[in-house]
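The structure appears below as structure tokens.
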Amino acid sequence: PTSSSPLFAVNHDGSDVDGFPYVVGEKIKSGASLADMDGNGKDDIIFGTDGDNLYVLLDNLTVAPGFPIDLGNNIQSEPSVLNIDGELVIFTGCKNDNFYAINYSDGSIRFVIPTGDDVFTSPSYYDGQNGIEIYFGSDDGNIYAVDNQGSSLNGFPINVGGAVVGSIVFSDLNGDGIV
């Protein structure tokens, strides 16, 4: 039941971290991200729920000011955090066919990328010639690539003929020095 949906944090010896399990009260269907969101040198926990909410749980077990943010449908992808020019930005997909970039400092939406279906993939980043590139997939069969302002990269989206259900991975498969 959602009234007892716990979030676990476990020490290296298998014991619970102090204060855990933490009862969220909403179902969590995907993983969480860790990042020092409040600048105190300790990682905080970022996660989405089937209650449509994006949370930032600070290391003192309080929810960050301005959070949770209701994205309007289930969040079933692992969020990710990127520092863009000093602003911590949370990226996450949603079951409402959108991919979101949210500024941590004030909880505002930096940009939204609409897709043709649910977004279950966690974003991947690549340091390209023009800066950080953000890649994600959708159940609409497309791989999307945007810059840190949400503008589509040239040639994207690319249709792969079926739902993109895993995160994008970069590699120089043919050994030519180009990813």
Side-chain angles (χ1 to χ4, degrees), residues 2 5-10 17-115 118-128 130-138 144-153 156 167-168 170:
T2 57
S5 295
L7 175 66
F8 292 90
V10 181
V17 171
D18 286 341
F20 287 89
Y22 178 87
V23 176
V24 177
E26 299 180 52
K27 187 188 303 183
I28 302 171
K29 281 187 92 172
S30 62
S33 292
L34 300 177
D36 181 10
M37 302 300 284
D38 57 4
N40 70 354
K42 296 179 183 178
D43 282 341
D44 305 301
I45 304 172
I46 304 95
F47 59 92
T49 70
D50 268 6
D52 310 343
N53 290 309
L54 178 68
Y55 281 85
V56 174
L57 183 65
L58 300 175
D59 60 273
N60 65 4
L61 300 179
T62 63
V63 176
F67 288 84
I69 297 172
D70 185 339
L71 295 182
N73 208 321
N74 301 347
I75 303 167
Q76 297 178 345
S77 69
E78 295 81 7
S80 185
V81 178
L82 184 63
N83 186 325
I84 301 174
D85 300 324
E87 173 74 48
L88 293 175
V89 181
I90 303 167
F91 296 92
T92 191
C94 190
K95 206 170 171 186
N96 64 2
D97 306 348
N98 291 316
F99 178 78
Y100 293 88
I102 298 161
N103 295 314
Y104 170 71
S105 63
D106 61 5
S108 65
I109 294 179
R110 184 181 187 98
F111 61 79
V112 178
I113 307 296
T115 74
D118 301 332
V119 179
F120 294 122
T121 63
S122 184
S124 300
Y125 307 113
Y126 181 74
D127 192 3
N130 297 315
I132 296 296
E133 301 169 352
I134 303 150
Y135 293 81
F136 64 95
S138 171
Y144 293 82
V146 298
D147 64 18
N148 65 20
Q149 298 302 311
S151 298
S152 290
L153 298 182
F156 285 88
S167 296
I168 310 304
F170 307 98

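Between I75 and G93 the shortest heavy-atom distance is CG2-O, 3.6 Å. Contact between S122 and S77 at its shortest, heavy atoms only, is N-CB, 4.3 Å. Of all non-hydrogen atoms in S138 and D118, the two that sit nearest each other are OG-O, 3.3 Å. The two residues P79 and G31 make their nearest non-hydrogen contact at CD-O, 3.7 Å. Considering every non-hydrogen atom in both L61 and D18, the closest pair reads CD1-O, 4.3 Å. For the pair L7 and F20, the tightest heavy-atom approach, listed with the atom from each and the gap, is O-CD2, 3.2 Å.
In this structure, a donor-acceptor pair under 3.5 Å is present between the side chains of D106 and S108.
By the 4.5 Å heavy-atom criterion applied to side chains, I109 and I69 are not counted as neighbours. At least one side-chain heavy atom of Q76 sits less than 4.5 Å from a side-chain heavy atom of D50. Annotation: side chain of L34 is in contact with side chain of I45 (closest heavy-atom distance under 4.5 Å). Counting only heavy atoms from C-beta outward, the side chains of V119 and Y144 never approach each other to under 4.5 Å. For the pair N148/V89, no side-chain contact is recorded, criterion being any heavy-atom separation below 4.5 Å from C-beta on. A heavy-atom distance below 4.5 Å is found between the side chains of F111 and V146. Between D44 and D36, some side-chain heavy-atom pair lies under the 4.5 Å cut-off.
Going from atom CD of E133 over to atom CG of L153 covers 5.0 Å, rounded to the nearest 0.5 Å. Atoms CG and CG, on N98 and N73 in that order, are 9.5 Å from each other to the nearest 0.5 Å. M37 CE to N40 CG: the interatomic distance, rounded to the nearest 0.5 Å, is 12.0 Å. For the atom pair I113 CD1 and S152 OG, the distance stands at 6.0 Å (nearest 0.5 Å). For the atom pair CG of L71 and CG of D52, the computed distance is 8.0 Å after rounding to the nearest 0.5 Å. Interatomic distance, CD1 of I102 versus CZ of F67, reported as 6.5 Å (0.5 Å rounding).
The 12-atom threshold is exceeded at CG of N60, counting heavy atoms of other residues, nucleotides or ligands nearer than 6.0 Å.
Ring centroids of F170 and Y135 are separated by less than 6.0 Å, placing the two rings close together.
In terms of modelled atom types and a separation under 3.5 Å, the side chain of T121 and the main chain of G137 share a donor-acceptor contact.
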Side chain to side chain contact (heavy atoms under 4.5 Å, CB included) for Y55 and I28? Distances and angles first, verdict last. CA-CA 11 Å; Y55 281 85; I28 302 171; over 6 Å; no

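With F91 as the partner, the ring pair (Phe, Tyr, Trp, His ring centres under 6.0 Å) test is satisfied by one option alone out of Y125, Y104, Y100, F136: Y125.
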